[in-house]
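First the structure, in the form of structure tokens, and then the observations on it.
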Amino acid sequence: MNLLLSAALLMLAALNVYPQDKPAAQDDHHQGVVERGDHVMGFSHDKATHHFLLYSDGGAIDVQANKADDTVTLDEIRMHFGHIAKMFAAGDFSAPMLIHSQNPPGSETMKRLREAIQYKFESTEHGARIRITTKNADAVSAVHEFLRFQIKDHRTGDSGEVTSAP
């Protein structure tokens, strides 16, 4: 009986420590990111895998089609990334703002320092990459802040640790 009572008390304590409405709110936010992202990017999150990588000189945004023979998604990824690389170079971060319903951290500094940051579009075998590079320390910090936010909001599971560029 004491064991049963102890287990019940532990369960009640756990419910108070971890309110159930917070995960639901987080799930609603993430679902919004996915839905808005599909609309803004022009391809489905279900058909592609995002990665956000931090390098000592900036980082990379990488998206790959999940199926090698999905040429429609592949073409959509490349078209979107070609457009986004130009927008970011011009200091236009409206697409991430629309997807995330907020200005991603770091984007204001990236906009201000846009002349010091390079955005290079690269086609990959199954998708595309935007390689972001800079020699400006403040810009590197802003790029890292931006990419870490993307990792968290897209729930990619990427580490967020800074590594050497490949």
Assess whether side-chain contact (heavy atoms from CB on, under 4.5 Å) is satisfied between Ile117 and Ile132, documenting all intermediate values.
CA-CA 7 Å; Ile117 304 171; Ile132 308 167; 3.6 Å; yes

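- Gln118 and Glu115 get closest at one heavy-atom pair: NE2-O, 4.3 Å.
- For the 3.5 Å distance criterion, the side chains of Thr133 and Asp57 fail to qualify, holding no donor opposite an acceptor.
- For the pair Thr73 (side chain) and Asp70 (backbone), a donor-acceptor distance under 3.5 Å is absent.
- Atom CZ of residue Phe121 and atom CD1 of residue Ile130 lie 8.0 Å apart, to the nearest 0.5 angstrom.
- With contacts defined as side-chain heavy-atom distances shorter than 4.5 Å, the pair Val143/Met110 qualifies.
- Side-chain atoms of Thr109 and Phe146, non-hydrogen and from C-beta on, never get closer than 4.5 Å to each other.
- Residues Arg131 and Tyr55 meet the side-chain proximity criterion, which asks for heavy atoms closer than 4.5 Å.
- In terms of modelled atom types and a separation under 3.5 Å, the side chain of Arg78 and the main chain of Thr124 share a donor-acceptor contact.
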Met87 and Phe93: side-chain contact (heavy atoms from CB on, under 4.5 Å), yes or no, with the steps?
CA-CA 7 Å; Met87 288 177 65; Phe93 292 88; over 6 Å; no

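- Atom-to-atom distance recorded for Asp75:CG and His80:NE2 is 14.5 Å, nearest 0.5 angstrom.
- Considering every non-hydrogen atom in both Asn66 and Asp46, the closest pair reads ND2-O, 3.1 Å.
- Separating the NE2 atom in His126 from the CG atom in Leu74 is a distance of 8.5 Å, to the nearest 0.5 Å.
- With sequence neighbours excluded, the residues that form a salt bridge (charged side-chain N to carboxylate O under 4.0 Å, His left out) with Arg129 are Asp62, Glu122.
- Panel note: side chain Arg155, backbone Lys152; no donor-acceptor pair is recorded below 3.5 Å.
- By the rule that hydrophobic residues join a cluster once side-chain heavy atoms approach within less than 4.5 Å of another member, Val63 and Phe52 end up as members of one cluster.
- Contact record, Ile77 with Ala48: CD1-CB, 4.0 Å, taken as the closest heavy-atom pair.
- Here CE of Met79 is found 6.5 Å from CD of Glu76. Values are rounded to the nearest 0.5 Å.
- Between Thr156 and Thr49, the closest side-chain pair of non-hydrogen atoms is not below 4.5 Å.
- Using modelled atom types, no side-chain atom of Asn136 and backbone atom of Leu113 make a donor-acceptor pair closer than 3.5 Å.
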What do the steps show when you test Tyr119 against Phe88 for ring pair (Phe, Tyr, Trp, His ring centres under 6.0 Å), and what is the final call?
CA-CA 7 Å; Tyr119 299 89; Phe88 285 10; 5.7 Å; yes

For Glu161 and Leu54: C-alpha separation, side-chain torsions, deciding distance, then whether side-chain contact (heavy atoms from CB on, under 4.5 Å) applies.
CA-CA 6 Å; Glu161 295 297 318; Leu54 285 70; over 6 Å; no

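- Between the CG atom in Asp158 and the NE2 atom in His50 there is a gap of 11.0 Å [rounded to 0.5 Å].
- A donor-acceptor pair is defined here as one N or O able to donate and one able to accept, closer than 3.5 Å; no such pair exists between the side chain of His144 and the backbone of Ser56.
- Closest approach of Phe81 to Ala128, counting heavy atoms only: CE2-O, 3.6 Å.
- A chain of hydrophobic side-chain contacts below 4.5 Å, direct or via other Ile, Leu, Val, Met, Phe, Trp or Tyr residues, connects Leu147 to Val162.
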